[in-house]
Amino acid sequence: MERILVIGANGQIGSELVDALAAQHGADNVIAADISPRSLYAAKVYEVIDVLSADRLAAVAEQYQITQVYQLAALLSATGEQAPLKAWTLNMDGLLNILELARIRGEAGKPLKVFWPSSIAAFGPNTPAQNTPQFTIMDPTTIYGISKLAGERLCEYYFQKYGVDVRSIRYPGIISYKSPPGGGTTDYAIAIFHAALRGESYSCFLEADTTLPMIYMPDAIRATISLMDAPADKLSIRSSYNVAGLSFNPRQLAQVIEQNLPDFDIHYAPDSRQAIAASWPQSLDDEIARRDWGWQAQIDIQHLVKDMLKNVKLSQTPESALTKAA
Ligand code: AKB
């Protein structure tokens, strides 16, 4: 039986991962954890954990006899640029604490499987932007991207040196409606739906033709759990896997929204996030993820837009606002 700890459970990925893991393993076996004293979502078991506290992590791992940990607490690309030292400390020390926990528990005969998210932000301006290969130039320009590249090297190091079973995905921009995005450069692709459904003209902080790799949340959750469930001997990558969903730019996304909401209007006011986006890949080669653990994206832009419009609309109803306030 697996006992699973999700750190950063109140965040964009964590909130949906907790539900998916609870459906798979039973709600009692999923321990949602975050720094806030209360769970923002429907976790059955919730613990307050600061991932920077190694002692607290060790105590919770022992209390629940944890066998898997998802370490999702991080500062993203745009907020990271506002507070680079804080981003570096949280992103690097948080990961190191988890890898050390897994090493120590593994040496004590209590193995801990680890998931840690990397990102397309680990690439940079000299990376080939089209069909970006798994192995290529990586010269990230943000503190977030630098922490992701360093984190990938740490993951591989702990696997090679200590046998820690660590697994990772280089997430594209993740689009979802259940919880707000957390301060990333790809967040425009969520904010645009909220503006469209409020009947507002959307002011896009990226230029119209800025193509980026994206993935819809159900595909992202499926990728994450498939990788964690894959047999260890099938995995040839212990840094982080390229995983492609779909690629589009703001103009293309706006056009599909307009097919569904003919009055929708967008205008462009690029800010500092434009330079970050311009340094990232436009599409990814995920051949190795397909080969090793059978990855295959399922959700295209038409499906994504229809589903986002339906669900963001529901979240904007007065009943939904009342439920949130309660
Ligand atoms: C961000 O924009 O910072 C994140 C990411 C691509 O990792 N969504």
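Predicted, not measured: the structure shown is a model, and the values here were computed from it. Hydrogens, waters and symmetry mates play no part in the numbers below; they use all other heavy atoms, side chains included. Both ligands and their constituent atoms are indexed starting at 1 by order of listing.
A distance of 12.0 Å separates OG of S119 from CD1 of I169, quoted to the nearest 0.5 Å. Interatomic distance, R103 CZ to L112 CG, rounded to the nearest 0.5 Å: 12.5 Å. In this structure, OH in Y144 is found 11.0 Å from CD1 in I276, a value given to the nearest 0.5 Å.
The aromatic ring centres of W293 and Y241 sit less than 6.0 Å apart.
Under a 3.5 Å cut-off, the side chain of D34 and the backbone N or O of A9 do form a donor-acceptor pair.
Looking at residues two or more places apart in sequence or on another chain, you find no ring pair (Phe, Tyr, Trp, His ring centres under 6.0 Å) involving F123.
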List of N/O pairs, ligand 1 versus protein, all under 3.5 Å?
{"unit_1": "ligand 1", "atom_1": "2 (O)", "unit_2": "S77", "atom_2": "OG", "d": "3.4"}
{"unit_1": "ligand 1", "atom_1": "2 (O)", "unit_2": "T185", "atom_2": "N", "d": "2.7"}
{"unit_1": "ligand 1", "atom_1": "2 (O)", "unit_2": "T186", "atom_2": "N", "d": "3.1"}
{"unit_1": "ligand 1", "atom_1": "2 (O)", "unit_2": "T186", "atom_2": "OG1", "d": "3.3"}
{"unit_1": "ligand 1", "atom_1": "3 (O)", "unit_2": "S77", "atom_2": "N", "d": "3.1"}
{"unit_1": "ligand 1", "atom_1": "3 (O)", "unit_2": "S77", "atom_2": "OG", "d": "2.5"}
{"unit_1": "ligand 1", "atom_1": "7 (O)", "unit_2": "S119", "atom_2": "OG", "d": "2.7"}
{"unit_1": "ligand 1", "atom_1": "7 (O)", "unit_2": "Y144", "atom_2": "OH", "d": "2.7"}
{"unit_1": "ligand 1", "atom_1": "8 (N)", "unit_2": "T186", "atom_2": "OG1", "d": "2.9"}

